[in-house]
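Below, read A as the first sequence line, B as the second, and so on, with proteins coming before strands; counting in each chain starts at 1.
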Amino acid sequence: MIVKRANLTLWERLFLPTLLGGLQVTGKHFIRTVFGGKAVTMQYPEQKWVVPEGYRGAPYLVRDQAGDTKCVSCQLCEFVCPPKAIKIIPPGDSSLKADRANAEKTPKEFEINMLRCIFCGFCQEVCPEEAIFLQRDYSLTGETRDEMIYNKEKLLALGGTHAGVQKWKQKLEEAKGQETFPVKD
Amino acid sequence: MEAIKQFFSGLSWEQEFVIFTTLKVCIVLFGAVLPIVAYAVLVERKVSAWIQDRVGPNRATPFFVKYLPVVGPILVRLGIFHPLADGLKSFLKEDFTPAHVRKVYFWIAPAIAVVPAMLALAVIPFGSKLGDQKMVIADLNVGILFTFGIISLGVYGLVLAGYASNSKFSFLGGIRSSAQMISYEIAMGMSVIPIFMLVGDLNLSKVIAYQADGAWLVFKQPIAFVIFLVAAFAETNRLPFDLPEAETELVGGYHTEYSSMKFALFFIGEYTAMIAASAMMVVLFFGGWTLPFAGLNESATTFAMGLAHIGIFVSKMLFLMVVFIWVRWMLPRFRYDQLMDLGWRRFVPLALVNIVLTAVVLWALHPK
Ligand code: SF4
Ligand code: SF4
C-alpha cells in the first residue's frame with residue numbers, strides 16, 4: 001500500500017505548530033505532575049504492586065482444607081522442572097507417614113531453589129495432587145544463596161491452604177461406601 | 001582590612017591582574033560552572049520526570065539529613081543530594097580502558113571536550129563591576145571571534161573520542177558530530193554578524209552597553225536569535241540534534257567506550273557548553289546583566305549593585321538553560337539529512353539574507 005503524504009503547508013513547514021503542540025503537551029503533563037500530584041510512579045519498596053488473582057509468581061506447596069500436606073512425593077514436578085529448581089527427597093525406608101489417610105507417601109524434604117526457578121508453572125500443571133501452586137509473590141530476596149533455597153516447611157508456610165478437591169478423602173469415602181454397599185448375590 | 005588594602009596598593013598593575021584573574025577563574029569555575037553543571041543534570045532529570053508523569057530522583061539521603069527537621073525530607077524529595085551522589089559515583093567507578101582503543105587519543109579526548117567549553121566562558125561579562133574589578137575574566141576586544149575560535153575546537157574532543165574508541169558506534173558518533181558542528185558553526189557565525197553591524201564593536205561588554213541604551217537585540221534581530229538558538233542546540237549536541245550520541249541508534253555515540261570520570265568529563269563538557277551557549281545568548285540578545293528599570297542599566301557603583309547584576313545575569317542564563325532542557329523532552333530527534341538540510345539550505349541563506357537586510361536598513365537610516 002502506498003500512503004500518500006500530503007504536502008506540508010508553509011505554516012507547518014515553519015515548524016511552529018509542532019513547537020507549540022509540543023509545548024502544550026509537555027506543559028500539560030508538567031503541570032499535572034507537579035501541581036496535580038498525578039505522577040504514575042510507585043515508590044517501590046514502600047508501595048508494592050498488588051498483583052491480580054491468578055498471577056504466576058513463586059511456586060509454593062499447599063495444604064488441603066484439613067491442614068494436611070497434599071504433596072505425595074511423586075517427583076513429577078522435579079522431573080518436569082526445566083531449570084531443575086526442585087529437589088525432592090522421598091521418604092524411602094523411613095517410617096514417615098503421610099498426613100492424610102489413603103495417601104501413601106509424603107516428601108521427607110522438598111526444596112525449591114528460587115534462584116533457579118523461572119516461574120514457568122510446569123510444576124503446577126504436572127502435579128497430579130494439586131499440591132503445588134504458583135502464587136502471588138514475585139520479588140523474592142535474600143542475602144545469601146542458601147537463604148533462597150526454600151525448604152518444605154517454608155514452602156508450606158508460604159503456600160497456605162488450597163480449597164480444591166480432596167482427592168484421597170473422596171476415595172476414602174467411596175471405599176467406605178463400597179464396604180457398606182449391599183452386595184447383590 | 002588596612003593590611004589588605006596596603007598589600008593591594010603595593011602591587012604593580014601586572015601582579016594585581018594576575019591575582020584577580022586567578023581569583024575570578026577559580027570562583028567562576030568551581031563556584032559557579034561546576035555546581036551549575038551538577039544541578040543542571042538534576043534539573044534535567046527532574047524536568048524529564050515531571051513531563052513524563054514520573055517523580056524523578058528522590059532517594060539520596062546523606063547522613064546529616066536527619067538533623068534537618070522539615071526541610072530535610074523536602075530536599076530529599078527534590079533530589080537535592082543526587083548530584084553529590086552522582087559525582088561520588090563517577091569518581092569511584094572503575095576507569096576501564098578497553099584493549100582495542102588508541103590509548104593516547106582515548107585519554108586526551110575527554111579533556112579536549114571540556115576545555116574549549118570552559119575557555120569560551122572567559123570572555124563573557126557576567127556582571128558589571130564588583131569594587132574596581134570588571135566582572136569578566138578576559139575583556140577581549142575580539143571577544144566574539146575568540147568564542148567562535150575556541151568553540152570550534154570543541155568538535156575535536158568528540159571526533160577524537162570517536163576515532164580513538166575504535167568502535168563502530170563511537171566512530172559514527174564522531175563523524176556525525178564533526179559534520180553537524182562544522183555546518184552549524186557557519187550558520188551560527190553568520191547569524192551574529194548583524195549584531196556586530198549594529199553595535200559596531202566585537203567586544204562583548206560593548207554589546208551589553210549598546211543594549212542598555214536601547215532595546216534588547218532579541219527584539220531588533222529576531223531572525224538572528226532564532227538561528228543562533230537552533231545552532232546552539234546543534235553545537236551543544238542537544239536534542240533535537242543529539243545525533244552524535246543518539247542512544248537509540250548508536251548506544252552512547254562517541255562516548256560509548258568511556259566510563260568513570262572520563263565519561264563524566266564528556267558530560268561536564270556538554271553541560272558547560274550549554275552554559276556557555278546560554279551565557280552567550282544572554283549577552284548577545286538579552287542585554288547581559290542589565291535590566292531596563294530600577295537603574296540597573298548602569299554599571300554598578302556599589303557592591304550590592306554589582307552582586308545584583310551578577311544575579312540578573314545568572315537568572316537569565318538559568319532561564320535559557322531550562323529552555324534547553326525543556327526542549328530536549330519536547331521534540332523528537334531530527335533525521336541526519338533533515339539536520340543537514342536545515343543547516344545548509346535554510347539557516348545559512350536565511351542568515352545571509354538577514355545580514356543584507358540589516359545592512360540595507362542601516363544604510364537607509366544613516367546614509368553617509
Ligand atoms: S515454576 Fe517452573 S521452574 Fe519453578 S519450580 Fe515449577 S517447574 Fe520449576
Ligand atoms: S508437588 Fe505434586 S508433582 Fe511435585 S512431588 Fe508433590 S505431588 Fe508430585
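More than 12 heavy atoms of other residues, nucleotides or ligands shown are found within 6.0 angstrom of NZ on A:K105. The neighbour count for A:N7 CG, taken as heavy atoms of other residues, nucleotides or ligands under 6.0 Å away, does not exceed 12. A:E143 CD: 12 or fewer foreign heavy atoms inside a 6.0 Å radius. Atom CD of A:E153 has 12 or fewer neighbouring heavy atoms from other residues, nucleotides or ligands inside a 6.0 Å radius. Counted within 6.0 Å of CD on A:E109, heavy atoms from surrounding residues, nucleotides or ligands total more than 12; the atom is thus considered enclosed. In this structure, A:F79 places its CZ atom where only 12 or fewer heavy-atom neighbours from other residues, nucleotides or ligands lie under 6.0 Å away.
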Give the C-alpha distance, both sets of side-chain angles, the deciding distance and a yes or no for side chain to side chain donor-acceptor pair (under 3.5 Å) between B:W329 and A:T26.
CA-CA 8 Å; B:W329 306 104; A:T26 49; over 6 Å; no

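The shortest distance between side-chain heavy atoms of B:V327 and A:L19 does not fall below 4.5 Å.
A distance of 10.0 Å separates CD in B:Q52 from OG1 in A:T41, rounded to the nearest 0.5 Å. Interatomic distance, NE2 of A:H29 versus CE of B:M330, reported as 13.5 Å (0.5 Å rounding). The CG atom of B:L342 sits 8.5 Å away from atom CZ of A:F15, with the distance rounded to the nearest 0.5 Å.
Classified by interplanar angle (parallel below 30°, tilted 30° to 60°, perpendicular above 60°), the ring pair B:W326/A:F30 is tilted.
Heavy atoms of B:R346 lying under 4.5 Å from chain A are absent altogether. In this structure, the portions of B:I51 lying under 4.5 Å from any heavy atom of chain A include both its backbone and its side chain.
With sequence neighbours excluded, the residues satisfying side-chain contact (heavy atoms from CB on, under 4.5 Å) with A:A131 are A:K70, A:C71, A:C127, A:E129.
Contact between B:W50 and A:T33 at its shortest, heavy atoms only, is O-OG1, 2.7 Å.
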